[in-house]
Amino acid sequence: METVEVFTSEDKGRGLKAVKEFLSGEVIFAEPAYAAVVFDSLTHLICHTCFKRQEKLHRCGQCKFAHYCDRTCQRGAWLNHKNECSAIKRHGKAPNENIRLAARIMWRIEREGGGLTEGSLVSIDDLQNHVENFGEEEKKELRADVESFIEFWPPQSQQFGMQYISHIFGVINCNGFTLSDQRGLQAVGVGVFPNLCLVNHHCWPNCTVIFNNGNHEAVRSMFHTQMRIELRALGKISPGEELTVSYIDFLNVSEDRRKQLKKQYYFDCTCEHCQKKIKDDLMLAVKEGEHKPSQDMVKEVIQFSKDTLEKINKARSEGVYHEVVKLCRECLKKQEPVLGDTNIYLLRILSIVSEVLSYLQMFEEAADHAKRMVDGYTKIYHPNNAQLGMAMMRAGVTHWHAGFIEAGHGMICKAYAILLVTHGPTHPITKDLEVMRVQTEMELRMFQQNEFMYYKMREAALQNQKIQVMPEPSAEASQDLFVKKQ
């Protein structure tokens, strides 16, 4: 942490600033989790140590709750799981993720104390909890969590006061960081990273945070790397410059972003993009020209889009994907004559329908929607935004599946350039993308030399392979930096 230092300002409170110059893609700091847990719905599908999704997991023979990739992950987890294991056996079942995370934090405090740990710039005790800002509903949930925690907490462990327990739940509420699986496609857990909590928000930040699951595949343990977050520079950062990340997805108009930040993180965003409403005009764009729609027509279509998105979310949660496609097509038909190409309601529908159509292997239609989606995203997002990179990668793969090799290769190359900055060359996603880039480059050369022969060879190759099904659309994918208890 010698590359950064803590500062305090009147308007923002504490923050971090750079001590040296950083270039685009450089890791400013990496930080292991103080404590982390898998989401309740995925405890049997995700390793409780490295948070990777695996087909076959080893189950803890004692509590029957925790699951691990292998013995290496199981041994690595024992320090944090030991107390949890006996508490689950005594309690009869595992509590929810919030209680489990609070308990893991408390057991670490019991072992090490609440002060600074090695490599930390701030202690758990000194993190903001914002309990005083809670509304009535949040206070009610907090009381329920505290009661559940006391029931679960073993009597032989160190006992903590109600106020301190409330502080820990407050810290989790506003500082719980979203953890993803090794492919970055699904939110699978939540963790607390004290140093990361010092990095302030900006809607157009100079840094991004990526979760790295680590690597235990090497035979010799000295080459293993641990699960961690990495703070990476999105562009050149000068010494003394404040380090910022975006807590939420930028794909919302400034007023909605400010409301979300106030509700979730209890502060008013005063960044330039919010104050000057930068890019709001693009996000609310309507068709121009002689057939420009009326204000009433625009309001009607936007309300129809919001209602449709609610229906889509319900159909997605039930796995009724053909219904999702039907709803999207109906909505696009309404949106086409009214909304501009960068309108966020159009882009949201395009994102959903391209993903679901790819999953249903209707690749040509999916590719058309994906192309429009990334064209819109490119005009709105920061050029090195991780969401843009992931969307570009998805669109490139969809085009490849559809047989549009030139467009697919171009998108995969653009995605690779972005993810080299946001994720780094050794991240599993970037490695996958490099393999795709090399493969599509080879295919493109073959295509350019003899288009007829290329399609004949491609058809023969695909017939001799199992059909590669695209990942199932996930309702749990999160584009926000921190987890907010629903």
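This one's a predicted model, so the numbers in the text were calculated from it and none came from an experiment.
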Exercise. Looking only at side chains, do Arg71 and Gln74 share a donor and an acceptor under 3.5 Å apart?
Worked result: yes
Exercise. Does some side-chain heavy atom of Ile109 sit less than 4.5 Å from a side-chain heavy atom of Gln158?
Worked result: no
Exercise. Sub-3.5 Å donor-acceptor pair from the side chain of Ser351 to the main-chain atoms of Leu347, do we have one?
Worked result: no
For this session: Search all heavy atoms of Tyr247 against all heavy atoms of His201 and return the closest pair with its distance.
Result: N-ND1, 3.0 Å
For this session: Evaluate the side-chain proximity of Cys197 to Val122: yes if any heavy-atom separation is below 4.5 Å, no if none is.
Result: no
Exercise. Can you tell me how far NE2 of His423 sits from CE of Met390, rounded to the nearest 0.5 angstrom?
Worked result: 5.5 Å
Problem set entry | Distance-only side-chain donor-acceptor flag, Tyr265 / Asn133, under 3.5 Å | no
Exercise. Where the side chain of Thr398 meets the backbone of Ser358, is there a donor-acceptor pair that is under 3.5 Å apart?
Worked result: no
For this session: Measure from the side-chain N and O atoms of Asn96 to the backbone N and O of Asp40, and report whether any donor-acceptor pair falls under 3.5 Å.
Result: no
Exercise. With a 4.5 Å limit on heavy-atom distance, are the side chains of Arg100 and Phe65 in contact?
Worked result: yes
For this session: Give a yes-or-no answer on whether the side chains of Thr422 and Thr208 include a donor-acceptor pair shorter than 3.5 Å.
Result: no
For this session: Test side-chain contact (heavy atoms from CB on, under 4.5 Å) on Val38 and Leu45 and set out the steps.
Result: CA-CA 9 Å; Val38 175; Leu45 300 172; over 6 Å; no
For this session: Report yes or no: does Glu138 contribute a side-chain atom to a donor-acceptor pair with the main-chain N or O of Gly135 at less than 3.5 Å?
Result: yes
Exercise. Any idea how His91 and Phe152 line up, ring-wise: parallel (<30°), tilted (30 to 60°), or perpendicular (>60°)?
Worked result: perpendicular
Seminar exercise, completed: Closest non-hydrogen atoms of Glu26 and Lys20, given as atom of the first, atom of the second and distance, are OE1-NZ, 4.0 Å
For this session: Using a 4.5 Å cut-off on heavy atoms from C-beta on, say whether the side chain of Lys279 contacts that of Trp204.
Result: yes
Problem set entry | Glu241 vs Asn206, side-chain hydrogen bond (donor to acceptor under 3.5 Å, both in side chains): CA-CA, chis, key distance, verdict | CA-CA 9 Å; Glu241 190 176 338; Asn206 56 14; 3.2 Å; yes
For this session: Let me see the working for Arg111 and Asn80 under side-chain contact (heavy atoms from CB on, under 4.5 Å), right down to the final yes or no.
Result: CA-CA 10 Å; Arg111 291 195 308 268; Asn80 292 315; 3.4 Å; yes
Exercise. Looking at OH of Tyr377 and CD1 of Ile344, how far apart are the two atoms once the value is rounded to the nearest 0.5 Å?
Worked result: 10.5 Å
Problem set entry | Close side-chain approach of Thr49 and Cys69, heavy atoms under 4.5 Å | no
Exercise. Should the pair Phe149 and Trp153 be assigned to parallel (<30°), tilted (30 to 60°) or perpendicular (>60°) ring geometry?
Worked result: parallel
For this session: Would you sort out whether Asp181 and Leu42 count as a side-chain contact (heavy atoms from CB on, under 4.5 Å), showing the intermediate values?
Result: CA-CA 11 Å; Asp181 62 8; Leu42 300 170; over 6 Å; no
For this session: Output yes when a side-chain donor or acceptor of Lys64 lies under 3.5 Å from a complementary backbone atom of Gly61, and no otherwise.
Result: yes
Exercise. CE/Met106 to CG/Asn83 distance, rounded to the nearest 0.5 angstrom?
Worked result: 13.0 Å
Problem set entry | Test: Arg258 and Glu255 ion pair at under 4.0 Å | no
Exercise. So, do Ile412 and Gln439 sit near enough that their side-chain heavy atoms are less than 4.5 Å apart?
Worked result: no
For this session: Look at the side chain of His81 and the backbone N and O of Gly76, then say whether any donor-acceptor pair between them is shorter than 3.5 Å.
Result: no
Exercise. How close do Leu261 and Cys269 get, heavy atom to heavy atom, and via which atoms?
Worked result: CD1-CB, 3.7 Å
Exercise. Hey, is the main chain of Ser157 close enough, under 3.5 Å, to the side chain of Gln159 for a donor-acceptor pair?
Worked result: yes
Exercise. Which distance, rounded to the nearest 0.5 Å, do you find between the CD1 of Ile88 and the CD of Gln62?
Worked result: 11.5 Å
Exercise. Are Val6 and Leu16 close enough that some pair of their side-chain heavy atoms sits under 4.5 Å apart?
Worked result: yes
For this session: Kindly check if the number of other-residue, nucleotide or ligand heavy atoms within 6.0 Å of NZ (Lys236) is above 12?
Result: no
For this session: Ignoring hydrogens and angles, tell me if any N or O in the side chain of Asn213 forms a donor-acceptor pair with the backbone of Cys50 under 3.5 Å.
Result: yes
For this session: In sequence, state the C-alpha distance, the side-chain angles, and the governing distance for Ser24 and Asn384, and then conclude on side-chain contact (heavy atoms from CB on, under 4.5 Å).
Result: CA-CA 9 Å; Ser24 179; Asn384 284 332; 3.8 Å; yes
Problem set entry | Audit row: Tyr34, Asn195, side-chain hydrogen bond (donor to acceptor under 3.5 Å, both in side chains) steps and yes/no | CA-CA 10 Å; Tyr34 187 87; Asn195 291 336; over 6 Å; no
Exercise. Would one find more than 12 heavy atoms of other residues, nucleotides or ligands at under 6.0 Å from atom CD of Gln156?
Worked result: yes
Problem set entry | Lys12, NZ: over 12 other non-hydrogen atoms inside 6.0 angstrom | yes
Seminar exercise, completed: Separation between OG1 (Thr426) and CD (Glu230), nearest 0.5 Å, reads 6.5 Å
Problem set entry | Check: Arg394 side chain, Ala370 main-chain N or O, donor-acceptor pair, under 3.5 Å | no
Exercise. Looking only at heavy atoms, what is the nearest atom pair of Phe169 and Asn98, with distance?
Worked result: CE2-O, 3.7 Å
For this session: Work out which heavy atom in Ala77 is nearest to a heavy atom in Tyr68; give both atom names and the distance.
Result: CB-CE2, 3.3 Å
For this session: Determine yes or no for a side-chain-to-main-chain donor-acceptor pair under 3.5 angstrom, with Ser354 supplying the side chain and His369 the backbone.
Result: no
Exercise. Can you tell me if Asn200 and Glu242 form a side-chain donor-acceptor pair at under 3.5 Å?
Worked result: yes
Exercise. Got a second to check how far Leu121's CG is from Leu196's CG, nearest 0.5 Å?
Worked result: 11.5 Å
Exercise. Is it the case that Ser123 and Asp125 place a side-chain donor and acceptor less than 3.5 Å from each other?
Worked result: no
Exercise. Taking side chain as C-beta onward, heavy atoms only, is Pro205 less than 4.5 Å from Phe250?
Worked result: no
Exercise. Would Lys431 and Glu434 count as a salt bridge (Lys or Arg N to Asp or Glu O under 4.0 Å) if you check the C-alpha gap in whole Å, the side-chain angles of each, and the deciding distance to 0.1 Å?
Worked result: CA-CA 5 Å; Lys431 285 182 174 180; Glu434 167 67 355; over 6 Å; no
Exercise. Once the angle between the rings of His67 and His48 is folded into 0 to 90°, is it parallel (under 30°), tilted (30 to 60°) or perpendicular (over 60°)?
Worked result: tilted
Exercise. Between Glu136 and Lys140, is the closest basic N to carboxylate O distance under 4.0 Å?
Worked result: no
For this session: Would you name the heavy atoms of Met227 and Ala33 that are closest together and state the gap between them?
Result: CE-CB, 3.7 Å
